[in-house]
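Letters go in sequence order (proteins before strands), and every chain restarts at 1. Excluded from the calculations below are hydrogen atoms, water molecules and symmetry mates; all remaining heavy atoms, backbone and side chain alike, are included. This one's a predicted model, so the numbers in the text were calculated from it and none came from an experiment.
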Number of protein chains: 2
Amino acid sequence: MQKYEELLVSLRKVTRAIGLYSKKLSKESGLTSPQLIVLKEIDQHKGCMVKDIAQSINLSSATVTSILDRLEARSYVIRERSLTDKRRVGLHLTELGKTVVKDAPRPLQAHFIDRFEKLEEWEQTQLVSTMQRIASMMDAENLDAAPLLEVGALQDMTTPE
Amino acid sequence: MQKYEELLVSLRKVTRAIGLYSKKLSKESGLTSPQLIVLKEIDQHKGCMVKDIAQSINLSSATVTSILDRLEARSYVIRERSLTDKRRVGLHLTELGKTVVKDAPRPLQAHFIDRFEKLEEWEQTQLVSTMQRIASMMDAENLDAAPLLEVGALQDMTTPE
DNA sequence: AACTAATGGTTCGTATACTAACTAAATTAT
DNA sequence: ATAATTTAGTTAGTATACGAACCATTAGTT
């Protein structure tokens, strides 16, 4: 087997583990990982737009819209059309949404996080930088299409309307 | 941002890059990455079963079934129920399927593979083993549920019926 | 002022990807 | 021999996830 295939396989295992955990989480807490992550983003950046969320967590707007549909249907989130710019949609948590996000488990295997945090500092750094290196080796062609916004890098957009 | 969040973000970027490439590939060659990977597995292990494919590339049987549906609809693959054990379904490529898989591009960004292969041997090894380490840190709980079969680890199952 | 471009979001269509429930067949146990 | 279990695969239902096409609105040009 080619080395790059081995890399692919383990990558696939990781994404699968994440997906399986999302399903498990969904059964226990009623929320999938993407739903939880979106909720957290809204919580941290009250009033932010759909596009902000999409960029900060590396999803397309279309995907975020469909996740928001479900979150809104369950009354965790409110969409509020801006008055000054009617294209924009401000996102807010309901009281229920705030409770849910507060009580929600962490968005990845607790096991993984625990283990990760038990590693030496330099080992953690090494894992992260290797992962980032692989990422950069893969998407360099599309870098311009995907602005390098990171989770948590959004400005607070409280009441921009 | 927590270190483990950084790791998550770059992981997300990688899986996204893979997904985007799959879409691009699909437009150019008419095949998505999972379809191509399944075709290659069948090509390398003629007559293998659905379950073998599922295990070797870390997908559920249900997912493989739906991918096979599309491949069969396009006459790339033939399902052949075993006579000795009628539960089993042997998978084979059609002539068309063989041609397609022969002409198909590699199942990941050519750019990535090129770059990867330009790295020093030890660097490649390091990337792979880091990825494997992350994988094992994530799915250890489910290890028993997911046998560690790897791509290419299947025996040749030519005409087992 | 009027036409053009760009932006933000949604909708549509398609493909993954999973579990759970199911059918059918083969094994094992009683 | 017959019942219970296991195995292989499919089907149904749901949730991502994407691009492309589409509104409505805003910004920019002329």
Side-chain angles (χ1 to χ4, degrees), chain A residues 12-13 15-28 30-38 48-55 57-74 79-91 142 145-146 157 160-161, chain B residues 12-13 15-28 30-38 48-55 57-74 79-91 142 145-146 157 160-161:
Chain A
R12 169 71 199 122
K13 282 183 188 168
T15 56
R16 182 167 208 227
I18 293 173
L20 294 181
Y21 179 73
S22 174
K23 292 268 152 62
K24 191 178 153 202
L25 194 111
S26 160
K27 277 217 289 197
E28 286 169 9
L31 286 172
T32 63
S33 296
Q35 288 169 358
L36 181 54
I37 291 169
V38 168
C48 67
M49 300 188 301
V50 175
K51 201 198 166 194
D52 298 325
I53 303 270
Q55 286 183 335
I57 61 179
N58 262 288
L59 291 174
S60 72
S61 293
T63 300
V64 174
T65 291
S66 84
I67 292 171
L68 286 174
D69 288 343
R70 281 178 279 277
L71 292 177
E72 197 181 27
R74 290 204 240 158
R79 280 167 159 127
E80 212 167 42
R81 208 104 217 175
S82 164
L83 297 176
T84 56
D85 184 342
K86 290 179 199 155
R87 290 170 306 182
R88 289 155 181 263
V89 168
L91 302 172
N142 325 6
M157 304 213 166
E161 296 89 4
Chain B
R12 170 69 199 123
K13 284 184 188 168
T15 57
R16 182 164 209 227
I18 292 173
L20 294 181
Y21 180 72
S22 174
K23 292 269 152 63
K24 191 179 152 201
L25 195 112
S26 160
K27 276 216 291 198
E28 286 169 8
L31 285 172
T32 64
S33 297
Q35 288 169 356
L36 181 54
I37 291 169
V38 167
C48 67
M49 299 188 303
V50 174
K51 199 198 165 194
D52 299 324
I53 304 268
Q55 286 184 334
I57 61 179
N58 262 287
L59 290 174
S60 73
S61 293
T63 299
V64 174
T65 292
S66 83
I67 292 171
L68 286 173
D69 288 343
R70 280 177 279 276
L71 292 177
E72 198 180 27
R74 288 204 240 159
R79 278 167 161 128
E80 212 166 44
R81 208 102 215 175
S82 163
L83 297 175
T84 56
D85 185 341
K86 289 180 200 154
R87 291 171 307 181
R88 288 154 181 264
V89 168
L91 300 172
N142 326 5
M157 302 214 166
E161 297 87 5

What is the distance, rounded to the nearest whole Å, between atom [atom1] of [X] and atom [atom2] of [N]?
X: B/Asn58; N: C/dT16; atom1: CG; atom2: P; value: 17 Å
X: B/Leu31; N: C/dT14; atom1: CG; atom2: P; value: 17 Å
X: A/Tyr21; N: C/dC18; atom1: OH; atom2: P; value: 18 Å
X: A/Glu80; N: C/dG9; atom1: CD; atom2: P; value: 13 Å
X: A/Gln55; N: C/dG8; atom1: CD; atom2: C1'; value: 11 Å
X: B/Arg16; N: C/dT16; atom1: CZ; atom2: P; value: 18 Å

First encountered from the 5' end of DNA chain D, between B/Thr65 and A/Asp85: B/Thr65
Residue whose closest nucleotide on DNA chain D lies nearer the 5' end, B/Lys23 versus B/Arg79: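 Result: B/Arg79.
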Flag the pair [X] / [Y] as yes when at least one side-chain heavy-atom distance between them is below 4.5 Å, and no otherwise.
X: B/Arg16; Y: A/Ser60; value: yes
X: B/Ile67; Y: B/Leu59; value: yes
X: B/Arg12; Y: A/Ile18; value: no

Nearest-nucleotide comparison on DNA chain C, the residue closer to the 5′ end among A/Val64 and B/Ser22: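 Nearest nucleotide further toward 5': that of A/Val64.
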CZ on A/Arg88 to CG on A/Asp52, rounded to 0.5 Å: 8.0 Å
Gap separating the OG atom of A/Ser61 from the CD atom of A/Gln55, nearest 0.5 angstrom: 8.0 Å
Checking contacts here: which listed nucleotide ([options]) is nearest the side-chain heavy atoms of [X]?
X: B/Arg87; options: C/dA24, C/dA17, C/dT16; answer: C/dA24
X: A/Arg12; options: C/dA15, C/dA17, C/dA25; answer: C/dA17
X: A/Met49; options: C/dG9, C/dA20, C/dA17; answer: C/dG9
X: A/Ser61; options: C/dA15, C/dT19, C/dT10; answer: C/dT10
X: A/Arg88; options: C/dG9, C/dA15, C/dT19; answer: C/dG9
X: A/Ala62; options: C/dC18, C/dT16, C/dC12; answer: C/dC12
X: A/Lys27; options: C/dT16, C/dA20, C/dT10; answer: C/dA20

Does OP1 or OP2 of [N] have a side-chain N or O of [X] closer than 4.0 Å?
X: B/Lys86; N: C/dA25; result: no
X: B/Thr63; N: C/dT16; result: no
X: B/Thr32; N: C/dT16; result: yes

Evaluation steps, side chain to side chain contact (heavy atoms under 4.5 Å, CB included), between B/Gln35 and B/Leu25: CA-CA 11 Å; B/Gln35 288 169 356; B/Leu25 195 112; over 6 Å; no
Covered region of DNA chain D, 5' end to 3' end, by chain B [heavy atoms, under 4.0 Å]: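 Contact span on the strand: D/dT7 to D/dA20.
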side-chain contact (heavy atoms from CB on, under 4.5 Å), paired with A/Leu91, selected from A/Ile53, A/Leu71, A/Val64: A/Ile53
Inter-axis angle, terminal five-pair segments of the helix from C/dA1-D/dT30 to C/dT30-D/dA1 [nearest 10°]: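 The value is 10°.
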